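Working notes, structure below.
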Amino acid sequence: MLDIRYIRKDSENAKRRLKDRGINPDTVDQLLVFDQKRRELIQKVESLKAQRNKVSDKIAFAKRQKEDASEAIMQMKQVGADIKKLDNEQSLLESQVQEISAHLPNLAAAEVPVGPDEAANVEQRTWEPKDYGSRPHALKETAGVKAHYEIGENLGILDFERGAKVSGARFLYYVGDGARLERAVYNFMLDEHRREGYTEMITPIVVNDSAMFGTGQYPKFQEDAYRVEGLDQTYIPTAEVPLTNYYSGEEIPSEDLPIKFTALSPSFRKEAGSAGKDTRGLIRLHQFNKVEMVKFTRQEDSYNELEKMTADAENILQKLNLPYHVIMLSTGDMGFSAAKTYDIEVWMPQQNVYREISSVSNTEDFQARRMHITYRDEDNKLKLVHTLNGSGLAVGRTVAAILENYQNEDGSVTIPEVLRPYMGGQEKLHATSHH
RNA sequence: GGAGCUAUGGCACAAUCUGGUACUGCAACGGACUCGAAAUCCGUCGAGCCGCAUUUCGCGGUGUGCGGGUUCAAAUCCCGCUAGCUCCUCCA
């Protein structure tokens with residue numbers, strides 16, 4: 001959520017910056033009207049309440065003295081009724097202010113490119129293994145390159161058909177070495193992050209509505225969430241939700257900052273509005289594994305920590321020897337809560353494109369204000385923490401990238417060296433029977 | 001899932017039956033004493049949120065788990081909810 005006092009005080013800039021995020025300035029004007037009315041009403045009702053408090057004290061005093069207070073009581077009857085009426089008006093205005101505020105996205109950081117969509121994103125850097133060209137999996141340019149789902153099905157390690165039979169489209173079974181590879185990948189990721197100082201967590205994967213509100217998924221993006229029927233609970237779309245809400249409503253001892261969490265979790269998304277897109281393979285599923293990173297930082301540290309978190313995600317791809325590039329998302333392509341986002345896209349040779357495998361964002365105090373997570377600065381002043389989140393990485397998409405980039409001409413797949421200790425020293429995936 | 005109990009400052013608790021200034025202790029902070037500290041004594045102490053004012057001290061509202069209701073007035077009475085504890089039931 002944005003600071004209403006900023007919008008009030010610097011409304012022209014607020015409108016301009018929100019316009020970059022796709023918000024009609026009229027919406028902001030409407031918000032300011034409600035806010036103005038609300039504050040006028042507060043002043044009215046508060047002076048009545050001050051009066052009531054004073055007279056109530058007098059009545060209490062009189063009763064103790066066994067004196068008659070019925071005149072004051074009669075007088076206060078009307079005041080009480082007026083307060084109730086104004087209180088109701090005020091709570092209506094509060095909810096109108098809240099309704100608009102809750103739907104306003106975060107403001108973009110100054111250096112974020114302004115643009116309506118992904119065309120305005122700006123590439124930051126590219127990376128590929130030094131010996132990429134001489135490796136057997138360097139099939140980037142050749143015609144015989146297979147798609148990851150084709151490789152997986154041929155090897156018998158990915159079973160989309162039975163996933164669809166049992167659950168529906170966009171679900172799958174990993175079978176045998178496929179399941180082992182997935183497990184190797186996320187264990188490797190978690191171990192790397194732990195080494196970088198992240199505390200490993202296992203979180204609830206069902207959360208309540210206030211948690212979904214806290215990180216910014218609700219109220220705006222409910223249609224993409226798997227809700228538990230009748231329970232006001234939701235299967236998490238990302239571990240960012242339970243990890244960030246861990247401290248909701250709390251003051252974090254400032255000597256503990258920055259705090260770094262990592263967790264593997266399944267992520268559930270209805271993918272409403274993406275019908276027909278990326279329908280095949282591991283790219284777009286209703287359920288997928290993801291290793292997530294979350295940080296809580298002092299305000300002045302968050303952008304430095306954003307760079308570090310991005311490097312932590314890149315480290316995984318570098319150790320896996322997978323080519324990638326990093327882009328900075330434009331104002332029109334960023335997520336609701338983000339002030340600045342780097343996407344990391346991994347090279348997928350069969351489609352000849354870079355494909356998103358991680359998204360790393362600084363939300364500044366946007367989530368912390370919704371969740372009320374604070375710390376005290378050097379002057380003992382209460383401040384909102386900054387929160388960051390990033391994938392490190394999407395596990396299924398990593399498996400897909402490994403299959404495509406490490407495929408051999410005989411149909412086998414070489415296992416990246418760093419993963420071999422996680423697979424009993426195995427070096428290749430071959431077609432085998434798993435039945 | 002069933003029954004009972006509980007929820008009050010950073011912590012521990014009182015006031016709830018019988019509606020009327022939310023008690024006390026510990027901790028914390030300031031001061032006295034001291035070369036310094038401990039002990040002792042004196043004083044301050046409801047976090048957060050909202051509004052107004054602002055160069056500074058501020059003023060008011062809210063705030064006894066959450067949401068309603070009754071009342072001139074709610075920690076207290078009524079209704080709903082949440083969480084925790086105990087017992088029963090169930091379970092990996």
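In what follows, chains carry the letters A, B, and so on, assigned in the order in which the sequence lines appear, proteins first and then strands, with residues in each chain numbered from 1. This one's a predicted model, so the numbers in the text were calculated from it and none came from an experiment. Hydrogens, waters and symmetry mates are skipped; everything else that's a heavy atom, side chains included, is used.
In the region residues 73-104 of chain A, proximity to RNA chain B at under 4.0 angstrom, judged on heavy atoms, holds for A/Ile73, A/Met76, A/Lys77, A/Lys84. Near-neighbour residues of RNA chain B inside residues 47-54 of chain A, defined by a heavy atom below 4.0 Å, number-ordered: A/Lys49, A/Ala50, A/Arg52, A/Asn53. The stretch residues 33-46 of chain A touches RNA chain B through A/Arg38, A/Arg39, A/Ile42, A/Gln43, A/Glu46, each having a heavy atom under 4.0 angstrom from the strand.
With sequence neighbours excluded, the residues that form a ring pair (Phe, Tyr, Trp, His ring centres under 6.0 Å) with A/Tyr235 are A/Phe268. Partners of A/Phe171 by ring pair (Phe, Tyr, Trp, His ring centres under 6.0 Å), not counting sequence neighbours, listed by chain and number: A/His286. Every residue two or more places apart in sequence or in another chain was checked for a ring pair (Phe, Tyr, Trp, His ring centres under 6.0 Å) with A/His386, and none qualifies. Qualifying side-chain contact (heavy atoms from CB on, under 4.5 Å) partners for A/Ser101, counting only residues two or more places apart in sequence or in other chains: A/Met1, A/Leu31, A/Val97. In terms of the side-chain contact (heavy atoms from CB on, under 4.5 Å) criterion, residue partners of A/Arg280 (sequence neighbours excluded) are, by chain and number, A/Tyr149, A/Glu153. The side-chain contact (heavy atoms from CB on, under 4.5 Å) search around A/Arg17 returns A/Tyr6, A/Leu107, not counting sequence neighbours. With sequence neighbours left out, A/Tyr246 forms a ring pair (Phe, Tyr, Trp, His ring centres under 6.0 Å) with A/Phe261.
With 3.5 Å as the limit, one finds a donor-acceptor pair spanning the side chains of A/Thr363 and A/Thr387. Side-chain contact, A/Glu150 with A/Asn154: no donor N or O sits under 3.5 Å from an acceptor N or O.
Stem regions annotated for RNA chain B: B:1-7 with B:82-88, B:10-12 with B:24-26, B:28-32 with B:40-44, B:48-52 with B:58-62, B:65-69 with B:77-81, counting only runs of 3 or more consecutive pairs of Watson-Crick or G-U type with both contacts under 3.5 Å.
Residue A/Met371 contributes atom CE, which lies 18 Å from atom C1' of B/rC49 at whole-angstrom precision. Rounded to an integer number of Å, the gap from A/Glu251 CD to B/rC49 C1' is 14 Å. Atom pair A/Met1:CE and B/rC49:C1' shows a separation of 12 Å (rounding to whole Å applied). Across the protein-nucleic acid pair, A/Ile59 atom CD1 and B/rU21 atom C1' stand 15 Å apart, rounded to whole Å. Atom CG of A/Asp3 is separated from atom C1' of B/rG51 by 15 Å (rounded to the nearest Å).
Between A/Lys15 and A/Asp29 there is a salt bridge, with a side-chain nitrogen of the basic residue lying less than 4.0 Å from a carboxylate oxygen of the acidic one. Between A/Asp177 and A/Arg180 there is a salt bridge, with a side-chain nitrogen of the basic residue lying less than 4.0 Å from a carboxylate oxygen of the acidic one. Here A/Lys85 pairs with A/Glu89 in a salt bridge; the nearest charged N to carboxylate O distance falls below 4.0 Å.
When the C1' atom is compared between B/rU71 and B/rU89, the two are found 43 Å apart, to the nearest whole Å. Separation of the C1' atoms belonging to B/rU64 and B/rU6 is 14 Å when rounded to the nearest angstrom. B/rG25 and B/rG43 have their P atoms separated by 11 Å, given to the nearest Å. Remark: the separation of the P atoms in B/rG63 and B/rG9 is 15 Å, to the nearest Å.
Rounded to the nearest 0.5 angstrom, A/Asn106 CG and A/Asn362 CG are separated by 8.5 Å.
In this structure, A/Arg376 reaches the sugar-phosphate backbone alone: every heavy-atom distance under 4.0 Å involves primed, P, OP1 or OP2 atoms, never a base.
Sorted by first and then second residue, the pairs that involve residues 245-259 of chain A and meet salt bridge (Lys or Arg N to Asp or Glu O under 4.0 Å), not counting sequence neighbours, are A/Glu251-A/Arg376.
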